[in-house]
Amino acid sequence: MANPPGSIGVIGAGTMGNGIAQVCAVAGLNVTMLDVDDAALKRGMDTIIRNLDRMVAKEKLTASARDAALAKISTGLDYGALQSADMVIEAATENLGLKLKILRQVANCVGKDAIIATNTSSISITQLGAVLDAPECFIGIHFFNPVPLMSLLEVIRGVQTSDATHAATMAFAQKVGKAPITVRNSPGFVVNRILCPMINEAIFVLQEGLASAEGIDVGMRLGCNHPIGPLALADMIGLDTLLSIMGVLYDEFNDPKYRPALLLKEMVAAGRLGRKTKQGFYSYS
């Protein structure tokens, strides 16, 4: 098996970015986490510290291991800090234009052999990689939220992705304790291609007044043995992210079965995005 990269750059200190930084640091990898301002970096680091402290309290991590992990993480605002990174993972919000801008900036700073990866849940890896001078070194790695707890990692090859990049990424996934599956580039990949339309259908059911949000979630938990109901899961994912994924599926496949529910659009327009705004299908105040 190929050797995993030893030095990781993470672009974005939000929910996904700080989770990725945490699992990399706990696995002993050096991490540089970047964001647009110091406040965002502080929020990201505060989250990592809370998570690691919780692991220590539950005896899933020793205090010395927590301290060692925190010492592996450095933060900054300057992309120049990525010069020595073996792999850079872009973990910005699910927006094509923003991701393209970031990837171009990363490519101008890293070494020619560095792997550039995107943590995307739906956007084409081939399309993103096409803007880079070395698309063979580009790959998709889709972590699941919450990153420290979810073991699955979708590894998505674009048309241009080389075998060496894929092998090193699979080794990285195993190094950070994830169970990787290789996925062909296609809208929504595998999990979200199945999951998001199911959640969207649950929103249609709520929209049509067939049952309450609680009733729908109880039905799916007790009737289908799901650990969490689809509407509670939507709140966890973020309704804006869910709408973005459904938009990609609808546009790319041109199939009405992927049309986003009107209620989903209304919730996003109202700023009720789920847990991140304290209000979604449920209230988190």
Side-chain angles (χ1 to χ4, degrees), residues 5 8-12 14-17 20 34 36 79 82 85 87-145 147 152-170 172-173 180-197 200 237-238 240-260 268:
I8 309 296
V10 178
I11 310 297
T15 300
M16 300 305 293
I20 294 168
L34 305 184
V36 294
Y79 279 67
L82 303 174
M87 171 186 273
V88 177
I89 303 169
E90 170 273 312
T93 189
E94 197 75 351
N95 178 282
L96 175 61
L98 177 61
K99 286 183 180 291
L100 290 173
K101 178 183 176 181
I102 290 172
L103 292 173
R104 290 187 183 102
Q105 289 179 280
V106 170
N108 288 333
C109 296
V110 298
K112 62 182 180 65
D113 295 325
I115 295 172
I116 301 177
T118 179
N119 178 66
T120 179
S121 53
S122 62
I123 298 174
S124 168
I125 304 307
T126 298
Q127 181 180 9
L128 291 172
V131 304
L132 304 178
D133 290 335
E136 67 276 7
C137 295
F138 183 70
I139 198 164
I141 48 176
H142 178 208
F143 287 86
F144 289 78
N145 184 28
V147 175
L152 180 65
L153 184 65
E154 286 183 318
V155 177
I156 308 105
R157 300 186 65 154
V159 169
Q160 314 95 319
T161 305
S162 71
D163 290 342
T165 296
H166 174 255
T169 304
M170 294 293 281
F172 161 77
I181 59 171
T182 299
V183 176
R184 184 171 61 83
N185 186 55
S186 180
F189 313 129
V190 169
V191 174
N192 280 337
R193 170 81 175 271
I194 299 167
L195 174 66
C196 291
N200 190 54
I237 292 170
D240 52 340
T241 300
L242 177 63
L243 179 59
S244 175
I245 295 169
M246 291 308 302
V248 169
L249 294 174
Y250 186 54
D251 292 342
E252 293 295 324
F253 288 115
N254 195 28
D255 189 328
K257 75 179 181 181
Y258 295 117
R259 72 195 188 283
V268 172

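Taking 4.5 Å as the limit, some side-chain heavy atom of Arg157 sits within range of a side-chain heavy atom of Asp163. Considering only heavy atoms from C-beta on, Val191 stays 4.5 Å or farther from Val183 through its side chain. A heavy-atom distance below 4.5 Å is not found between the side chains of Ile116 and Cys137. Looking at heavy atoms from C-beta onward, Glu90 lies out of side-chain contact with Val106 at the 4.5 angstrom threshold.
Relative ring orientation between His142 and Phe189 is described as tilted, the plane-to-plane angle lying within the 30° to 60° band.
Going from atom OH of Tyr250 over to atom CG of Asp255 covers 9.0 Å, rounded to the nearest 0.5 Å. Distance check, rounded to the nearest 0.5 Å: CD of Glu94 to OG1 of Thr118 gives 7.0 Å. Here CG of Leu128 is found 6.0 Å from CG of Leu103. Values are rounded to the nearest 0.5 Å. In this structure, CG in Asp251 is found 10.5 Å from CE in Met246, a value given to the nearest 0.5 Å. Note: Ile20 CD1 to Ile8 CD1 = 10.5 Å, rounded to the nearest 0.5 Å. Separating the CD1 atom in Ile156 from the CD1 atom in Ile139 is a distance of 8.0 Å, to the nearest 0.5 Å.
For the pair Val10 and Gly17, the tightest heavy-atom approach, listed with the atom from each and the gap, is CG1-O, 3.6 Å. Between Ala114 and Ala85, the shortest heavy-atom distance links the atoms CB-O, 3.6 Å. Nearest heavy atom pair, residue Lys99 against residue Ala92, reads NZ-O, 3.2 Å. Smallest separation of non-hydrogen atoms from Pro260 and Leu243: CB-CD1, 3.6 Å. Nearest heavy-atom pair across Ile237 and Leu242 is CG2-N, 4.4 Å. Minimum interatomic distance between Ile125 and Gly140 (heavy atoms only, all atoms of both residues): CD1-CA, 3.6 Å.
Judged by distance alone, with hydrogens and angles left aside, the side-chain atoms of Thr161 form a donor-acceptor pair with the main-chain N or O of Phe138 at under 3.5 Å. Between the side chain of Thr169 and the backbone N or O of Thr165 there is at least one donor-acceptor pair closer than 3.5 Å. Judged purely by atom type and a 3.5 angstrom limit, Glu154 uses its side chain to pair as donor or acceptor with the backbone of Val190.
Of the listed residues (Leu195, Leu153, Asn119, Leu152), just one forms a side-chain contact (heavy atoms from CB on, under 4.5 Å) with Phe144, and that residue is Leu152.
Listed by chain and number, the residues in a ring-ring contact (aromatic ring centres under 6.0 Å, His included) with Tyr79 amount to none (sequence neighbours excluded). Val36 pairs by the side chain to side chain contact (heavy atoms under 4.5 Å, CB included) definition with nothing, not counting sequence neighbours.
Under the side-chain hydrogen bond (donor to acceptor under 3.5 Å, both in side chains) criterion, the residue pairs touching residues 184-195 are Ser124-Asn185, Thr126-Asn185, Arg193-Tyr258, with sequence neighbours excluded.
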Check your understanding: Yes or no on side chain to side chain contact (heavy atoms under 4.5 Å, CB included) for Leu82 and Ile11, after CA distance, side-chain angles and deciding distance?
Key -> CA-CA 10 Å; Leu82 303 174; Ile11 310 297; 3.7 Å; yes
Review point. Should Phe172 and Ile115 be marked as a side chain to side chain contact (heavy atoms under 4.5 Å, CB included) after you check the CA-CA gap, both sets of side-chain angles, and the distance that decides it?
Key: CA-CA 11 Å; Phe172 161 77; Ile115 295 172; over 6 Å; no
